[in-house]
Amino acid sequence: MGTSGSKRSSPSARVPRAAATGVPVFLALLACGACTTQRWPAPMGGLGGASSGLPAPDPSGIDEVLVLRHGDPVEVRQAGALGSYPLRFYRKQERVRPGGLVLVGAGGKAEVLWPGLPTGALLLGQAVARIGATSAGEPALILEELENARVQLAPGHSVALIGGARLSGDANEEQSGPYLVERIAPDLMRVRNQSRASCGIEYRDEQIVLQPGELVELAILGAGSAPTDHEEQTRVVKSPGGPISLQGQVEARTEGADVVLRGTSGGGSAVARGIEIRLAAGASALLTGLAPTVAPASPASIEPKKATAPESAPGSAPTPAQPQAPSPVPSTTPTTPPTPNSP
């Protein structure tokens, strides 16, 4: 039996060919697994830098504060911006310039820090706080709405409470506080001094001093409770011609029946008998003829004294006036003699 001229390949000869074919496929799959998956549209990124449309912070860092988010929701509004933006879990802090707002919702928790200074405020619950320009004499923080706050102050710093009343610490302490401020009613707030030194509250024309451990409850007035400048208040002084109202830096001195007015450094005004006198710094005015003059009584105006009825003896009852009997009226009818009877 003859054999054919073609030779069949053995199975061992086909294995290297299959292995050689599978190696490029495995390398291709490995290369595909190393590639990153692309998605369209791309994931949204957080707010960052100039792309957020917010004003760039001042590199000098003057009056700039740092806002930290400890509990959601917390939002900030930069000075001059039309809207606010939230602080997310991937961006828990933000720098805010004076005039900016810190908005805390119900259940939120935010902290405001002044870099390099021991001033700080922890806001708990609903709050609206405005950053003040301390270099311009404003309070470091202005609380427009508040639920609870814990405040610490550096020397020279103050906090404006709801309505405008100012809370300031001890000037001799490097860090004053903590002071607890809470709103206990729609028209009432409470300030508690938990520091080791005293603190002061300027409430309208009152100066309140809180010793360590003391507290005070302040009314939230619709007209505001901002401290009043005592030099701008109207003062009333007495003069020989009546009261004189002084406003501003004006002094009044009485010399006999005259009054001397003098304006000090800032000047002011005075009102006497309906006339307003404005005095600049260093100017003076003399008011004379203020005392009222009494004209002598004329003889014709003197009325003669009327005779008085004699007084009754003490202990005797007054006798009532007896009515007078009417006088008889004469009759004008003539009298006729009697007529005799006829038989």
Is it true that Q78 and Y85 share a donor-acceptor pair across their side chains at a distance under 3.5 Å?
yes

Atom CG of L124 and atom CG of L122: how far apart are they, to the nearest 0.5 Å?
4.5 Å

Please report the interatomic distance CD(E182) to CD(E217), rounded to the nearest 0.5 Å.
9.0 Å

With a 4.5 Å limit on heavy-atom distance, are the side chains of H157 and L117 in contact?
yes

For A129 and L143, which heavy atoms make the closest approach, and how far apart are they?
CB-CD2, 4.0 Å

Please report the closest heavy-atom contact between L87 and K92, naming both atoms and the distance.
CD1-O, 4.0 Å

Would you name the heavy atoms of I162 and E144 that are closest together and state the gap between them?
CG2-O, 4.1 Å

Ion pair present between R262 and E251, side-chain N to carboxylate O less than 4.0 angstrom?
yes

Is a donor from one side chain sitting under 3.5 angstrom from an acceptor on the other, for Q126 and E147?
no

Within-4.5 Å side-chain heavy-atom neighbours: V260 and T254
no

So V191 and I201, side-chain contact (heavy atoms from CB on, under 4.5 Å) or not? Walk me through it.
CA-CA 9 Å; V191 181; I201 300 176; 4.0 Å; yes

For a side-chain contact (heavy atoms from CB on, under 4.5 Å) check, start with the C-alpha distance between Y203 and L221, then their side-chain angles and the critical distance, and finish with the verdict.
CA-CA 11 Å; Y203 186 88; L221 305 177; 3.6 Å; yes

Can you tell if the side chain of L287 reaches within under 4.5 Å of the side chain of D258, non-hydrogen atoms only?
no

Could you report the tightest heavy-atom contact between P227 and A165, atom names first, then the distance?
CD-CA, 4.5 Å

Within a strict 4.5 Å, meaning less than it, do heavy atoms of the V236 and P243 side chains meet?
yes

Enter the distance from S168:OG to E202:CD here, rounded to the nearest 0.5 Å.
6.0 Å

Nearest-0.5 Å distance that lies between atom CG in L141 and atom CG in L153:
9.5 Å

The side-chain contact (heavy atoms from CB on, under 4.5 Å) partners of R192 (sequence neighbours excluded) come to L180, R190, Q194, L215

Rounded to the nearest 0.5 Å, what separates atom CD1 in I208 from atom OG in S198?
13.5 Å

Calculate, to the nearest 0.5 Å, the distance between atoms OG and CZ belonging to S269 and R278 respectively.
7.0 Å

Under the side-chain contact (heavy atoms from CB on, under 4.5 Å) rule, collect the residues that match up with E75, sequence neighbours excluded.
S84, P86, L103

Please lay out, stage by stage, how L167 and C199 fare under the test side-chain contact (heavy atoms from CB on, under 4.5 Å).
CA-CA 7 Å; L167 170 65; C199 67; 4.1 Å; yes

Side chains of N148 and V181: does their closest heavy-atom pair fall under 4.5 Å?
no

Within the 4.5 Å heavy-atom criterion, are V76 and L101 side-chain neighbours or not?
no

Could you tell me if the side chain of M189 sits less than 4.5 Å from the side chain of I220, heavy atoms only?
yes

When you compare the side chain of L66 with that of Q93, does any pair of heavy atoms fall below 4.5 Å?
yes

Sequence-distant partners of R166, salt bridge (Lys or Arg N to Asp or Glu O under 4.0 Å), two or more places apart
none

Main-chain N/O of G100 paired to R97 side chain as donor or acceptor, under 3.5 Å:
no

Correct closest heavy-atom pair for V104 and G125 would be CG1-O, 3.1 Å

Could you check whether atom CD1 of I184 has more than 12 heavy atoms from other residues, nucleotides or ligands sitting under 6.0 Å from it?
yes

For the student: nearest non-hydrogen atoms of N193 and L210, plus distance
ND2-O, 3.1 Å

Partner residues of R150 under the salt bridge (Lys or Arg N to Asp or Glu O under 4.0 Å) criterion, sequence neighbours left out:
none

Is the count of non-hydrogen atoms from other residues, nucleotides or ligands lying under 6.0 Å from E255 atom CD greater than 12?
yes

Non-neighbouring partners of V237 that pass side-chain contact (heavy atoms from CB on, under 4.5 Å), sequence neighbours left out:
I244, L246, A252

Suppose we screen for side-chain contact (heavy atoms from CB on, under 4.5 Å). Which residues come up paired with D170, at least two apart in sequence or across chains?
N172, E173, S176, A197

Between L113 and L68, does a side-chain contact (heavy atoms from CB on, under 4.5 Å) hold up when you go through it step by step?
CA-CA 8 Å; L113 300 175; L68 302 177; 3.8 Å; yes

